[in-house]
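The analysis underlying the following values was restricted to heavy atoms, covering all of them including side chains, and did not include hydrogens, waters or symmetry mates. Counting from 1, the numbers follow the sequence of the chain as shown.
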Amino acid sequence: MPAYDFTAPRLHVEPDLAAGTVLPLDRAQANYLLNVLRRGPDDPVLVFNGRDGEWRAHLVQTGRKGADLHVAARTRAQTPRADLHYLFAPLKSARLDYLAQKAVEMGAGTIRPVITRYTQGERINMDRLRANAVEAAEQCGILAIPDCPDPDKLGPVLASLVPERLVVFCDEDAPVSDPVRALREAADPAAPPPLAVLVGPEGGFSEEERAAIRARPNTVALSLGPRILRADTAAVVVLTLVQAVLGDAR
């Protein structure tokens, strides 16, 4: 038997979950299940709230456009939020949507916008960012919704990190040409520390910002190769490298 049910849709809900709970669906959720996915009475739906694990429920139609979910049994116990921070300079909205979704898929447990000197846009729709994180969790079987703290400037964000957290700093000027070796030399893959990944804006970090980042203990500057990558592409590349060498994909 497969460890995960790929056939039933997953829905994030707010209420507490337990056997016998009845979850009234709002109009958008009911329309999604009844009309978009064309689910019928008694069809299974997986629900989670980020606290109580994942539960199997079944659909009960309550009218022409309404429906409830009746919670039956837990399918998976709750898992903790991943201890990987993704810190990034904000992007334009469409690319920010992509970045948030991919960061969640790649295992980031905290997704935080960082305001830098060359940040293109400091006005960030945090509700939209969090909605993208929830949607990615729904689609990818993730049980713990990532934390999405409000944006802050680079200095306070760096100061908020515990000293033992290794910051992987994507720096196009880094002299190291082998990112895998750089990560292995920065930490023991057999007992890796908590991790944070920091990716700057399209214009890069200023020299003052680069100096401040490098001055932080427990920081490694990482080159991502000979090509200049867009910030959303760099997100996928660096998270893949970090997860493969020091994270949960090794």
To check you understand the geometry: which heavy-atom pair defines the closest contact between Val236 and Met106, and what is its length? O-CE, 4.5 Å

Between Arg76 (side chain) and Gly141 (backbone), is there a donor-acceptor pair under 3.5 Å? yes

State, to 0.1 Å, how close Ala57 and Val71 come at their nearest heavy-atom pair, and which atoms those are. CB-CA, 3.9 Å

For the residue pair Leu99 and Asp232, what are the closest heavy atoms and their distance? CD1-CA, 4.3 Å

Can you find a pair of side-chain heavy atoms, one from Pro113 and one from Leu129, that are under 4.5 Å apart? yes

Partner set under side-chain hydrogen bond (donor to acceptor under 3.5 Å, both in side chains) for Glu105, not counting sequence neighbours: Lys102

With sequence neighbours excluded, give me every salt bridge (Lys or Arg N to Asp or Glu O under 4.0 Å) pair touching residues 203-212. Arg117-Glu208, Asp171-Arg210, Glu172-Arg210, Asp173-Arg210, Glu207-Arg210

Check whether any side-chain heavy atom of Arg112 sits under 4.5 Å from a side-chain heavy atom of Ser160, and report yes or no. yes

If every non-hydrogen atom of Val199 is compared with every non-hydrogen atom of Ala231, which pair is closest and at what distance? CG1-O, 4.2 Å

Exactly one of Glu54, Glu135, Glu138 should register a salt bridge (charged side-chain N to carboxylate O under 4.0 Å, His left out) with Arg10. Which one does? Glu54

What pairs of residues pass the ring-ring contact (aromatic ring centres under 6.0 Å, His included) test when at least one of them lies in residues 151-173, not counting sequence neighbours? Phe169-Phe205

Taking 4.0 angstrom as the limit, do Arg74 and Asp52 come out as a salt bridge? no

Could you work out, with side-chain hydrogen bond (donor to acceptor under 3.5 Å, both in side chains) as the rule, every residue matching Arg130, not counting sequence neighbours? Asp150

pair Leu241-Val180: side-chain heavy atoms closer than 4.5 Å: yes

Donor-acceptor contacts under 3.5 Å from residues 183-193 side chains, at least two apart:
unit_1, atom_1, unit_2, atom_2, d
Asp188, OD1, Ala190, N, 3.0

Holding to side-chain hydrogen bond (donor to acceptor under 3.5 Å, both in side chains), I want the full list of residues that pass it with Asp152, two or more places apart in sequence or in another chain. none

Can you name the residues that form a side chain to side chain contact (heavy atoms under 4.5 Å, CB included) with Ala103, not counting sequence neighbours? Tyr86, Ala108, Ile111, Leu239

Pairwise side-chain hydrogen bond (donor to acceptor under 3.5 Å, both in side chains) hits with a residue in residues 233-247, at least two apart: Gln243-Asp248

Determine whether a donor-acceptor pair (N or O, by modelled atom type, separation under 3.5 Å) exists between the side chain of Arg216 and the backbone of Asn218. yes

Applying ring-ring contact (aromatic ring centres under 6.0 Å, His included), which residue pairs with at least one partner in residues 208-250 are found, sequence neighbours left out? none

Please assess Leu87 against Leu161 for the test side-chain contact (heavy atoms from CB on, under 4.5 Å), listing each intermediate value before the final yes or no. CA-CA 11 Å; Leu87 313 174; Leu161 301 175; 4.1 Å; yes

Distance-only check: which donor-acceptor pairs under 3.5 Å involve side-chain atoms of residues 13-23, not counting sequence neighbours?
unit_1, atom_1, unit_2, atom_2, d
Asp16, OD1, Arg51, NH2, 2.9
Thr21, OG1, Ala18, N, 3.3
Thr21, OG1, Ala18, O, 2.8

The side-chain hydrogen bond (donor to acceptor under 3.5 Å, both in side chains) partners of Gln101 (sequence neighbours excluded) come to Asn132

Which side-chain N or O atoms in residues 31-39 pair as donor and acceptor under 3.5 Å with protein atoms at least two apart or in another chain?
unit_1, atom_1, unit_2, atom_2, d
Asn31, OD1, Asn35, ND2, 2.7
Arg39, NH2, Thr7, O, 3.3

Between Ile213 and Leu154, is there a side-chain heavy-atom distance shorter than 4.5 Å? yes

So, do Leu166 and Thr219 sit near enough that their side-chain heavy atoms are less than 4.5 Å apart? no

Beyond-backbone contact of Phe48 with Ile145, side-chain heavy atoms, under 4.5 angstrom: yes

Between Ala82 and Gly107, the two heavy atoms sitting closest are CB-O, 3.2 Å

